[in-house]
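The next block holds one structure in the form of structure tokens; read it before the comments.
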Amino acid sequence: MRTPGHYVHGLDELERELDAPPGAYDTFPRDTAWTATLVPSSADSSPQRPYLNLSWFQEGGDPFVHLGEILSALDFSEHSVTENLTFFPGHTNEVPFGMRPMKNKQGIAVTIESIQGEFARAGMLEGTPYLGRKLRLLQGRHAMERPGCYVDGLDALEQEIARLDRSCDVWAPNERWSARLVTPTDWPSCLRRHVHIYWYQDVGDPFARLATIFAELDFIKYCATEKDDPDEE
């Protein structure tokens, strides 16, 4: 934790476990690693702001709830550092983690290999809510041309744009999320199917939203096939 702007939660507890007599623990430590980049919510136009990269481990439960519990007892100012927004293009937070199985309406089982969330307008210097939606629709349609990609909500967005006043001052949802879902590998062929799902939201649990999207997704239509051969790595 000597790196400025970084805080790893639970190190004192882990140190106490390591000091325990041999054989006191016969289970592995928590195997899901999480990292969040935190910045204060402010309307201040200052070119600088504090930020903190917070890391922790957990085994189950809602990571957002656990993050809230950690932050409520943390001295943010003690561990944060200041960044210059002039050179700050926007952080993304990609979180690889264990098995989170789900099924869709076709009965196809997948697990989440990775999930990523970012501020949708990071790095945006100018524009309007209307043009922001137009650009989002264009980018989404372009992404859908790639094999293994699905962007949720494009038809609804197109309908919204058609009836929206160009002077609208309400921005579209500002959280951009994506997740990579994979099927179990067929080891005789070393092949598996995958789909990369993209969506936007403002509030709520992104895992719940992802499960809702996937439940109705025609996986066969949008998935792609890839080689999963450890011997080739």
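All figures in this text were calculated on a predicted structure; none of them were measured in a lab.
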Side chains of [X] and [Y]: does their closest heavy-atom pair fall under 4.5 Å?
X	Y	value
Asp218	Gln106	yes
Asp228	Trp187	yes
Leu137	Arg133	no
Tyr222	Ile197	no
Gln58	Trp56	yes
Thr82	Tyr51	no

Is it true that Glu226 and Arg180 make a salt bridge, defined as a side-chain N closer than 4.0 Å to a carboxylate O?
yes
Quick test of your reading of the model: are Arg193 and Asp186 salt-bridged, counting only N-O distances below 4.0 Å?
no
Which label fits His79 and Tyr7: parallel for a plane angle under 30°, tilted from 30 to 60°, or perpendicular past 60°?
tilted
Looking at [atom1] of [X] and [atom2] of [Y], how far apart are the two atoms once the value is rounded to the nearest 0.5 Å?
X	Y	atom1	atom2	answer
Leu11	Glu15	CG	CD	8.5 Å
Leu54	Thr37	CG	OG1	9.5 Å
Trp34	His66	CH2	NE2	11.5 Å
Leu52	Leu38	CG	CG	5.5 Å
Asp205	Phe64	CG	CZ	6.5 Å
Phe219	Phe214	CZ	CZ	6.0 Å

Determine the minimum heavy-atom distance between [X] and [Y], stating which atoms define it.
X	Y	result
Cys149	Ala143	CB-O, 3.4 Å
Arg176	Phe119	NH2-O, 4.3 Å
Cys223	Val195	CA-CB, 4.3 Å
Leu210	Ala179	CD2-CB, 3.6 Å
Ser55	Thr35	OG-OG1, 3.4 Å
Arg192	Pro184	CB-O, 4.1 Å

Count I, L, V, M, F, W, Y as connected when their side-chain heavy atoms are under 4.5 Å apart, and connections chain through other members. Are [X] and [Y] then in the same cluster?
X	Y	answer
Met144	Leu181	yes
Val151	Ile213	yes
Trp199	Ile161	yes
Leu191	Val110	no
Leu67	Phe76	yes

Mind checking what makes ring-ring contact (aromatic ring centres under 6.0 Å, His included) contact with His196, not counting sequence neighbours?
Tyr198
Would Ile112 and Met102 count as a side chain to side chain contact (heavy atoms under 4.5 Å, CB included) here? Give the steps.
CA-CA 8 Å; Ile112 308 174; Met102 59 178 68; 3.7 Å; yes
Centre of Trp177's six-membered ring, under 6.0 Å away, within 45 degrees of the axis: is that where NZ or CZ of Arg209 sits?
no
Can you list the steps and then say if Lys134 with Glu158 is a salt bridge (Lys or Arg N to Asp or Glu O under 4.0 Å)?
CA-CA 8 Å; Lys134 293 277 288 186; Glu158 188 170 31; over 6 Å; no
In terms of side-chain heavy atoms, does Asp75 have a donor or acceptor partner in Ser77 at a distance below 3.5 Å?
yes
Check against side chain to side chain contact (heavy atoms under 4.5 Å, CB included), Asp165 and Tyr130:
CA-CA 8 Å; Asp165 191 297; Tyr130 180 84; over 6 Å; no
How far apart are the C-alpha atoms of Leu157 and Arg136, what are their side-chain angles, what is the distance that settles it, and do they pass the side chain to side chain contact (heavy atoms under 4.5 Å, CB included) test?
CA-CA 9 Å; Leu157 177 59; Arg136 185 172 295 186; 4.0 Å; yes
Per the side chain to side chain contact (heavy atoms under 4.5 Å, CB included) rule, which among Asp62, Thr212, Ile115 passes with Phe207?
Ile115
Within the distance-only criterion (no hydrogens, no angle test), does the side chain of Asn104 pair as donor or acceptor with the backbone N or O of Leu217 below 3.5 angstrom?
yes
Side chain Gln201, main chain Glu175, donor-acceptor under 3.5 Å:
no
So Thr183 and His194, side chain to side chain contact (heavy atoms under 4.5 Å, CB included) or not? Walk me through it.
CA-CA 6 Å; Thr183 61; His194 68 91; over 6 Å; no
